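Just passing along the structure, written as structure tokens.
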Amino acid sequence: MQKAKPFRLMDAVRLGLFGGIAAVLIALVGMIEAFNKREVINGVISMSQVMLMAVAFVSAFFAAAQAHKSKPGQTIPAGLIAGAIVGVLVAILALAIVPLNMREVFVNATPRLAKILMPQGMEGIAGAAVLVVGAALVGLLAAVLTYLPGLLRRSILISLVAVVLLALLKDVLLPVIPEGLGDFLYASNGLTLVGAVTSFIVVALIAYFWMRVRPSTSKRIAAMPPAQRRTMSFVVTISFLIVLFLLPAVLGSYLSEVSDLVGFYIIMALGLNVVVGFAGLLDLGYVAFFAIGAYTMAVLTTPELPLVRGYIPQLSFWVALPISVGMALLAGIFLGVPVLKTRGDYLAIITLGFGEIIRLLVLSDALKPGLGGAQGVTGVARPVLGGIVSDTPQEFYYFILISILIAWFITSRLKKSRLGRAWMAVREDEDVAAAMSINLVGYKLLAFATGAALAGLSGAFFGSKLGSMVPASFNVLVSINVLAVLIVGGMGSLPGVVVGAIVLIGLPELLREFNEFRWWVYGIVLVVMMLYRPEGLWPDATRERELLDFEDEPNVDSEDPTGLAPSATIPS
Amino acid sequence: MFANLRRKYDFTDVLLWLIGGILLIFILYGSIVTLTSGKYTTAQWLNFIVFGLAQGGIYALIALGYTMVYGILGMINFAHGEFFMLGTFGAFFMAEALSATGLLESNWVISILLMLAAAMIVSATVAILAERIAYRPLRRAPRLVPLITAIGVSYFLQYTARGLFGSGVEAFPNVPALAGSIAVGPIKIQNTQVAVFIATAVLLLLLWLFVSKTKVGRAIRSVAEDKDAAALMGVDVDRTIAISFAVGGIMAGAAGVMYGLVFRQVAFYMGFVPGLKAFTAAVLGGIGNLAGAVLGGLILGVIESVGPSLFLEGIGIPAPHQLKDGIAFTVLVLILIFRPTGILGERLSKRA
């Protein structure tokens, strides 16, 4: 990190340009048009306008905050300039789309987009001027916000985000909340004006008081005698579990479906957490084990595939489940042995290669009699419990929840065990760990196998829930998805995994327009997290210390294979 | 006696050699069966090899970018395949414009040069921007951090291309002058393949001259050798790294034009698999080693084009060409396990 240079207005211009380019990119990628049908506040402001304003707001906010630190007098001009420049770039785009016929190159640069970018019902220079002024005003607002005390500012920001989310999640929330509240909050499209203002105030107040009270509460909890603290955490855990078990009754079928999907990813991410978070092995072919679990379940329980049935009888779900997990575990060991001998970043590539090989094999005609080829396998068995076949998402929810709890229990125990400490030692410095007589390959193999088994568990349930299997569901994007969940939540942190899965898997599922852009946003999320918050949203304490260390101590050239050690220089 | 052996060879080593041995036996058996069955004539094999060399030339150009960045930063630039993809899009739009003006038909040499220029500018710009925005702030971070960032950059670029240019596959305009083929003895070589050979050779020569004869090239080699010492000698390390990213981008852009000419299509996802294979090529030749990248690219191209017919058909696997990519990735896995330093060994600095 360089020492902070004194702020110049040029910095505001730069941030404005950066934000403007981001806004133009968002528009050209098609996000603005896709979200245009969504109103945030009915008849007042649409989601696409909110997105443009948010870009202007964020760049102006950063510009103003930088100015505020070194030259308080320039705060307001900095915000105004940054906001206005975002507006200018958007206006240029809006004016240029039709005359330059940009659609020839950019498929989303339609005349409709030009119209959406302009303020309602305006065109030409007048519209552009209004756009720039509006963006500058948003910048001004952001600049004013930097003058507020930190707590108040943070609660306002949280509340703004919450209102937008509330509006976007209308279709999801409306069936769940009481009717009166629903009528009050929501109009035909988006929030009502009164509902938006009320919810903004309510959320802001809650956020404000919660942030005020939290430090003293956590201090009080820390001061409790250990026995009492244990009882309290026990009570909290139990009540949390009860809520989790009652949830499907409230959620209804669609939301249960989404929670099931989130659940699959939580199990997988808990497994990958052992591999990447604990042991520091970047596995990009993780989907292979998920696929192996799912395919084992499918092949063992389907009535199809006559060739396989000639050798293996058709099994029930409960018999196939442990076999699926076992197969994934064996595959983990079998693939792990060659893979783990290679050096640090080669591991990522080699696992990526393995994942692709598995996918290609499944897709190929060569293995079609055994695995169904590109058409996949159908008729996978459902779990049967007491004569009842579980096939609704609500029933699956319980199986997944129990699997998550088991996975959570295993990984949290492992983390604190001798094994977990050995993994962390390997992660931090392989040479030192080896000198402490830790068998590197053995411990890495254990991590790999644990991760693989959990992925297999998730895969087995996934296969059974879908009922049919196509190879297309097992491409490399799944691995990247799980990795993103882990990074956002915080590597090595168990609650982080859950938070990450809800944010990255649950939200896009609920916002259908967003689905098309999720990979684009994931890419940005990965980069931004690595640049500004490598420890994740809910960091693991040890991990955080490690990652925040790196800025003082250079270790560019250290031959550290895991890449996670905070510059351990071994005196020679 | 066994105790002695156990001490010498780890259990995992034995397993590794077992896997390698089994694969080798399969390959040998398959090859012998195919060759003795006489299903393909010599001319057909030679055609496979020519096709593989053209493909390999493209891999080699992409692999150079991986190798330069790895040689200097010790980092796998996952997003490099996307630089190649964006370069192909640059060439594609240039070609569209040229075919609209009719220049593509009347003057193909200038057209291809313009396409090369467009692709190189796009790829190099994206490479420089990615380095500046995403990688430079992380230069001193733990190794996993830039790797994950590179994955993020890769997905960002891939889906930016999808958003900007659409999700379909676009057909590259035809260059009429390169439509035919020439016959050398029994072998038929497509004109586009000839163009790829010539262009690849010229670019490699230029790159070699650049890295070994110019002052900037010396700076690149010195930074690859030792960043701190280079900085003390007055080399601007950040600028040198940016330049090597740009050079990698230029090569990737050129590869994009070649790809467009030979395969005549562009799509947003086309960077991933060639990128992974080019990485394989770089590792095969010895990562960080420029000559190795070229050698690795050519060898991989040939293995991939000959392999399915030679190894797999003999074993009796139906539709072996579906597993073409599988062969390339198996090569990657085997190389990383048995000879991670590649054929020619590592280091950019020593063997430029």
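Quick note on labels: first sequence line is chain A, next is B, and so on, each numbered from 1. Source: prediction; values computed, not measured. Keep in mind that the numbers below use all heavy atoms, side chains included, and drop hydrogens, waters and symmetry copies.
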Q | Per-residue contact mode, Y522(A) against chain B (heavy atom under 4.5 angstrom) | A |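 When you check distances to chain B, no heavy atom of Y522(A) falls under 4.5 Å.
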(Q) If you compare all heavy atoms of L531(A) against all heavy atoms of A134(B), which two are closest, and at what distance to 0.1 Å? (A)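 Answer, listing the atom of L531(A) first, then A134(B): CD2-O, 3.6 Å.
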Q) In terms of heavy-atom pairs under 4.5 Å, which option from T351(A), V528(A), I524(A) contacts chain B the most? A)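 Ranked by contacts with chain B, first place is I524(A).
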Q) How far does OG1 of T160(B) sit from CG of L28(A), to the nearest 0.5 angstrom? A)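 Here the interatomic distance stands at 10.5 Å.
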Q | is_close_aromatic(W520(A), Y155(B)), centroid dist under 6.0 Å | A |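 Judged by ring-centre distance (under 6.0 Å), W520(A) and Y155(B) do not meet the cut-off.
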Q. Under the salt bridge (Lys or Arg N to Asp or Glu O under 4.0 Å) rule, what pairs show up with a residue in residues 475-486 of chain A, not counting sequence neighbours?
A.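 Sorted result for residues 475-486 of chain A: empty, none.
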Q.
Can you tell me which portion of Y532(A) sits under 4.5 Å from chain B's heavy atoms? Options are side chain, backbone, both or neither.
A.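 Neither part.
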**Q.** Which portion of I358(A) sits near chain B, non-hydrogen atoms under 4.5 angstrom
**A.**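 No part of I358(A) comes within 4.5 Å of chain B.
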Q. Which heavy atom of A348(A) sits nearest a heavy atom of L147(B), and at what distance?
A.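 Reported closest heavy-atom pair: CB-CD2, 3.9 Å.
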Q | Heavy-atom pair with the smallest gap, counting every atom of M530(A) and T149(B) | A |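 What the structure gives for the nearest pair is CB-OG1, 3.2 Å.
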Q.
Looking at chain A, which one of I76(B), L164(B), T280(B), V283(B) has the largest number of heavy-atom pairs inside 4.5 Å, strictly under?
A.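 Counting heavy-atom pairs under 4.5 Å, the top option is L164(B).
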**Q.** Option that, when pairs with chain B are counted at under 4.5 Å, heavy atom only, ranks first among V521(A), I487(A), L352(A)
**A.**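 Between V521(A), I487(A), L352(A), the count favours L352(A).
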